[in-house]
Amino acid sequence: MPAKRKRDEAAEGQAGECSSSAAAADGPRYFLMKSEPDSRMEKGMDMKFSIDDLKESPDQTAEWDGVRNFQARNVMRGMKVGDKAFFYHSNCKVPGIVGIATIVREAYPDHTQFDEKNPHYDAKSKKEDPRWDMVDVKFERELERMISLEELKRYKEKELKDMHLFTRARLSVSPVSADEWSFILSLEKQPEPPKEKKKRKKKADKDDEEEDE
DNA sequence: GCCAACGTTGGC
DNA sequence: GCCAACGTTGGC
């Protein structure tokens with residue numbers, strides 16, 4: 001067996017912690033899925049997929065294709081129908097959670113891996129043994145207000161200290177604990193907090209500050 | 001547009 | 001199986 005295969009399996013092992021064996025019996029599990037709301041061309045294909053795009057999809061349902069990271073794939077493999085996911089806008093002006101989607105179809109092979117025209121084509125993936133999976137997600141609702149990354153970060157030392165969004169920042173699909181889920185939804189009910197100003201201060205402000213000390 | 005963080009690849 | 005080089009993610 002080639003070494004490559006071994007690596008896949010190793011990666012698979014890692015997912016164990018956040019799966020899966022206990023199906024939907026004990027209620028839904030929770031996730032966070034990142035998507036880019038702004039147009040960005042990759043090999044002639046627009047990578048944009050916003051919460052509005054999901055909402056406007058046929059049956060408000062879309063294939064979550066293009067995941068090409070083993071950890072993220074493994075997280076998706078642990079998803080069950082009925083599980084919930086925060087829809088997160090990334091790589092944009094104001095990144096953050098904008099809505100909620102429901103998993104409506106469990107992991108199955110991502111067809112874009114076999115499509116040479118697709119930016120996520122994977123020449124090494126074989127039809128008999130696909131490397132990459134996708135799930136289908138359905139729009140549930142938008143949040144009453146966006147919970148920005150900046151706002152979430154205010155809790156990264158406390159309520160959200162274990163969130164994969166912070167501890168594994170580059171994972172595009174990550175698990176969210178029930179506590180994290182309800183904590184974030186509790187933020188939604190609160191009024192929008194004032195923006196934390198941490199943009200580079202103007203020199204005048206800075207001088208003032210130094211005088212204060 | 002920059003670049004830090006980090007996942008992946010491949011030589012050894 | 002180590003690890004340097006490379007590529008990508010994604011906030012800023």
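The analysis underlying the following values was restricted to heavy atoms, covering all of them including side chains, and did not include hydrogens, waters or symmetry mates. Labels below follow one simple rule: chain letters A, B, ... track the order of the sequence lines, proteins then strands, and each chain is numbered from 1.
Classification of the Phe86(A)-Trp181(A) ring pair by plane angle, with boundaries at 30° and 60°, yields parallel.
Without hydrogens or angle criteria, Glu188(A) side chain to Glu144(A) main chain gives a donor-acceptor distance under 3.5 Å.
Rounded to whole angstrom, the span from the CD atom of Gln71(A) across to the P atom of dC6(B) amounts to 11 Å. Put simply, CE on Met47(A) is 12 Å from P on dT8(C), counting in whole angstrom units. Atoms CD (Glu42(A)) and C1' (dT9(C)) sit 11 Å apart, rounded to a whole Å. Between the CG atom of Leu152(A) and the P atom of dG11(C) there is a distance of 11 Å, rounded to whole Å. One atom, CZ of Arg73(A), and another, P of dT9(C), lie 16 Å apart when rounded to the nearest Å. Counting to the nearest Å, the P atom of dC12(C) and the CZ atom of Phe166(A) are 10 Å from each other. Here the C1' atom of nucleotide dC6(B) and the CZ atom of Arg168(A) are 12 Å apart, to the nearest Å. The distance from atom CG of Asn74(A) to atom P of dG7(B) is 13 Å, rounded to the nearest whole Å.
You won't find any donor-acceptor pair under 3.5 Å spanning the side chain of Arg68(A) and the base of dT8(C), going by distance alone.
A salt bridge links Asp83(A) to Arg29(A): one of the charged nitrogens lies within less than 4.0 Å of a carboxylate oxygen.
Proximity note for Ser172(A) (side chain, C-beta onward) versus dT8(B), dG10(C), dC12(C): the nearest is dG10(C). Looking at the side chain of Leu149(A), the nearest of the listed nucleotides dT8(C), dG11(C), dG10(C) is dG11(C). You'll find that the side chain of Lys124(A) is closest to dT9(B), out of dG7(B), dC12(C), dT9(B).
For the segment residues 87-100 of chain A, the set of residues with a heavy atom within less than 4.0 Å of an atom of DNA chain C comprises Tyr88(A), Ser90(A), Asn91(A), Pro95(A), in numerical order.
Put simply, the residue from Ser172(A), Ser90(A), Ser50(A) that forms a side-chain contact (heavy atoms from CB on, under 4.5 Å) with Glu36(A) is Ser90(A).
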Side-chain polar contacts of residues 97-110 of chain A - donor-acceptor pairs under 3.5 angstrom, sequence neighbours left out - could you list them?
| unit_1 | atom_1 | unit_2 | atom_2 | d |
| --- | --- | --- | --- | --- |
| Thr102(A) | OG1 | Glu140(A) | OE1 | 3.0 |
| Glu106(A) | OE2 | Val81(A) | N | 2.9 |
| Tyr108(A) | OH | Asp136(A) | OD1 | 2.6 |
| Tyr108(A) | OH | Asp136(A) | OD2 | 3.3 |
| Asp110(A) | OD1 | Thr112(A) | N | 2.8 |
| Asp110(A) | OD1 | Thr112(A) | OG1 | 2.6 |
| Asp110(A) | OD2 | Gly66(A) | N | 2.8 |
| Asp110(A) | OD2 | Arg68(A) | NH1 | 2.9 |
| Asp110(A) | OD2 | Arg68(A) | NH2 | 3.4 |
| Asp110(A) | OD2 | Thr112(A) | OG1 | 3.3 |

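Side-chain contact between Phe87(A) and Glu142(A) is absent, with no heavy atoms from C-beta onward closer than 4.5 Å.
Regarding contacts with the backbone of dT9(C), every side-chain N or O of Lys34(A) stays at 4.0 angstrom or more from both OP1 and OP2.
The structure places CD of Glu151(A) at 13.0 Å from NZ of Lys153(A), a figure rounded to the nearest 0.5 Å.
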